[in-house]
Amino acid sequence: MSSEVELRRGIRRRLVELNVNPYPHVPKSKVIPVRSIVRSPTPGSYVNVAGRVVGVRRHGALVFFDLVDDGQRIQCSISRSDVDKELFNFFEKFVDLGDYVYVAGSLYYTKKGELTIAVSDVQLLAKALRSPPVKWGHRILDPEVKYRKRYLDIMTNPQARRVFEVRFKTIEEIRKFMWSKGYIEVETPVLQPIYGGAAARPFKTHVWALDTEWYLRISLELYLKRFIVAGFNKVFEIGKNFRNEDIDVEHNPEFTMMESYEAYADYNDVMELTEELVSTVAKKVLGTDAVEYPVGREVVKINLSPPYRRVSLYDAFREFAGLDVESLPDDKLIEYLDKYSVRIAGGYDRGRAVVKLFDRIVGREHLVQPTFVVDFPKSSSPLAKPHRSRPDLAERFELYIGGMELANAYTELNDPELQASFFREEEARRALGDLEAHPFDWDFIEALEHGMPPTGGLGLGIDRLVMIYTGVNSIKEVIPFPMIKPREFEAKNQ
RNA sequence: GGGCCCGUAGCUCAGCCAGGUAGAGCGGCGGGCUUUUAACCCGUAGGUCCCGGGUUCAAAUCCCGGCGGGCCCGCCA
C-alpha cells in the first residue's frame, strides 16, 4: 500500500542521502516571531522566521505558501526568477504541507494588499510524515478525533487555540488576583490516605513503599484548612481534583479547582471576593465582563459585573417554583421525591432531599445571570458552620452562572466536636449505602482540635469558569485532553 | 444504568429504506500555469465499507452480538 506516510518517508530518505538533515537542531539563523512582524510590518525589511507550512498555492515559477508560527499566520512567496534554481527545486520537491521550515526574505505587499515575505532562503526544520487532517482555519468535525488528538484541533483551528489561550490566561489572572489580595499560593498532596472535602467517589491507588491503599484527592479543602490551622491567614491552591464519576458536558473525572481560605472571614466576605474575581479576571482576559453564553437554544447576554444577586435556597423555591419547601412536612417532601424520581443514597434526610429537589424543581433557567444561592440545609453541608441565626441551616453558598454551578463556599466549620459528630453522621450514611458519604478523618479533627480561627473558604471550578468566558457549553471543549476511552494502537500505515 | 443517533478513501460525506461491478468533492501524486489565498486547468492513484457471526445464489446495504464516538435522561449534595 502506498500511503502518505510512506511517500514522505521516501522524501526523508532522499534528504538524508543528499546530506540534508530533515531534523536540524536549530534554524540556520536566529528567527523572530511572526507575530512581531505582523504587529508592526516594515515593507522592504529583511526577516528571518520559522513556522509550519499550512497552505501552498503553486503557479509554476511562483509559489505562494502560508506559514503559521505560534498561532500567527503569514504569507510567503518564492519565485524561480528571484532565487537560485536549486533552492527553488528543493522547495518544490521536498517541502510539504505540515513541514516546519525556516525562511528568510524581504517584506512586501502583494497586489491584493497582503503582507508577504519574498523568500530568498529556505531551510527544512522538521519533516512532517503526516499532513494536517484539515486545511488550516477549518474545524475538525469528528469529535472523536478532536478530543483524542487535540493537538490537531489546536494546530488547525485558531478558534480552538483561542479557547486554550483564554483558559491559561484565566489561570494566570486568577493567580495575580489572589496574590494582589494577599493570598499565598500553596501546594497540598494529590495522593491522600483519606480523601475528603466533597461528596464523591474517589480513585484508589496502591502505594507500594508503604503497602497501603491511597486515594487521589477529590478536593483541596481539608489540607488547605490545615494551612489555616498552621497559621497562614490567606491561602489558595489551583489544582486538579479527581472524582470517579460519570462523564458528561459538565463533568470530567479530572478537573481543575481553585480553592481559597481566609482567616477571620465568613461566607459574606467570600461572596464579595468571588464576584470581584469573576469580573476582574474576565476584564483582564477578555477585555470585558459582559459575555454571551448558550442556554438551551438561545444565546444569552450575561453581565459578570458585581454585585451578584443573593437569594436563599428557600426563597429560590418560593420565587421560581412557587413552593414553600420550608413548611412542607416530611411526608409531602417524600411525595415530591417520588414524583421527581429522586433517590437519596443512605436513607431519607430532609436537608439532602431539599437540595436534590432544588436541582430538579427550580431549574437552571432561573440561574443564568450570576446568582449566589445561599443558606443550605445543615445536614447537606457537613463541613460548613451552622447558620448564626438559623439552626437548621448552614452558612454556605453556591454561585450559579449560565445555569451551571461554578462555586461552592462556606463559613468553615471550626468546632472540632461538631465536625466529629458530622463525620459520625456521614459514616452512618455510608453504612446505609451512600458511597459518596464523607469519610471520617481523625487527623483532620485533631488539627481542628489545635484551633482553627473563624474562616471563609471557596471552591471555584476553573473549567466551568472558562466555559462561561469562552461561550462553549461542553467541558470537553475547555479541557485540552479530556478523558476518553483509550484505543488499542493501530499500526496504521506502518 | 436507560434511550436515540453515528462509524464507507487522509478529510467531509453520498450509496443502506427497496441486497446485484464501492462513488463525489477536497486533499495526495503527475503535468501546466509569475500575484494566489478553500487558487485554477488536465490527468491519475487511493478502500479490512469499525469488528465478528448469521440470512442469502449474492451483504456497505437485512438480522444478531461486540467495539468506538456523540447527544438526551438518570447519577454527579
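Proteins come first, then strands; the chains are lettered A, B, ... in the order of their sequence lines, and each starts at number 1.
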| message | Under the rule for side chain to side chain contact (heavy atoms under 4.5 Å, CB included), what residues qualify as partners of Ser327(A), not counting sequence neighbours? | response | Asp324(A)

| said: Once hydrogens and angles are ignored, does a donor-acceptor distance under 3.5 Å link the base of rU34(B) to the side chain of Ser81(A)? | reply: yes

| said: Check this for me, if you would: do Arg201(A) and Asp246(A) make a salt bridge, where the nitrogen-to-carboxylate-oxygen distance has to be below 4.0 angstrom? | reply: no

| said: Of the listed nucleotides (rC33(B), rG74(B), rG69(B)), which one gets closest to any side-chain atom of Arg58(A)? | reply: rC33(B)

| Under a 3.5 Å cut-off for both distances, is rG1(B) Watson-Crick or wobble paired, and to whom? | rC73(B)

| note | Re rG43(B): Watson-Crick or G-U wobble partner, both distances kept under 3.5 Å, found to be rC29(B)

| Which of these nucleotides, rC75(B), rU37(B), rA77(B), is closest to any side-chain atom of Asn408(A)? | rA77(B)

| message | Side chain of Arg352(A), heavy atoms from C-beta onward: which of rC75(B), rA77(B), rU36(B) has the nearest atom to it? | response | rA77(B)

| Arg350(A) bridged to Asp330(A) by N-O distance under 4.0 Å | yes

| Carboxylate-amine/guanidinium proximity below 4.0 Å for Glu425(A) and Lys378(A) | no

| Lys135(A) has a side chain; which of rC75(B), rA38(B), rU37(B) sits nearest to it? | rA38(B)

| field | Tyr336(A) atom OH: more than 12 heavy-atom contacts under 6.0 Å | value | no

| said: Short of 4.0 Å, heavy atom to strand atom, which residues of residues 85-102 of chain A count as contacting RNA chain B? | reply: Asp96(A)

| query | Can you tell me how far P of rC29(B) sits from CZ of Arg14(A), to the nearest Å? | reply | 11 Å

| note | Whichever of Arg8(A) and Val249(A) has the more 5' nearest nucleotide on RNA chain B, that residue is Arg8(A)

| said: Let's see if you can work this out: which of rC11(B), rU37(B), rG68(B) has an atom nearest to the side-chain heavy atoms of Pro133(A)? | reply: rC11(B)

| task | With RNA chain B as reference, determine whether Asp142(A) or Gly60(A) sits nearer its 5' end, using the nearest nucleotide of each. | result | Asp142(A)

| Charged N to carboxylate O under 4.0 angstrom, Asp463(A) versus Arg167(A)? | yes

| message | Rounded to whole Å, how long is the line connecting atom CZ of Phe64(A) with atom C1' of rC33(B)? | response | 13 Å

| field | Tyr147(A) and Glu477(A) side chains, donor-acceptor separation under 3.5 Å | value | yes

| message | Can you measure Asp246(A) atom CG to rG74(B) atom C1' for me and round it to whole angstrom units? | response | 9 Å

| message | Could you tell me the Watson-Crick or G-U partner of rG19(B), where both distances fall under 3.5 Å? Say none if there is no partner. | response | none

| said: Can you identify which nucleotide, out of rG70(B), rA39(B), rU37(B), has its nearest atom closest to the His59(A) side chain? | reply: rA39(B)

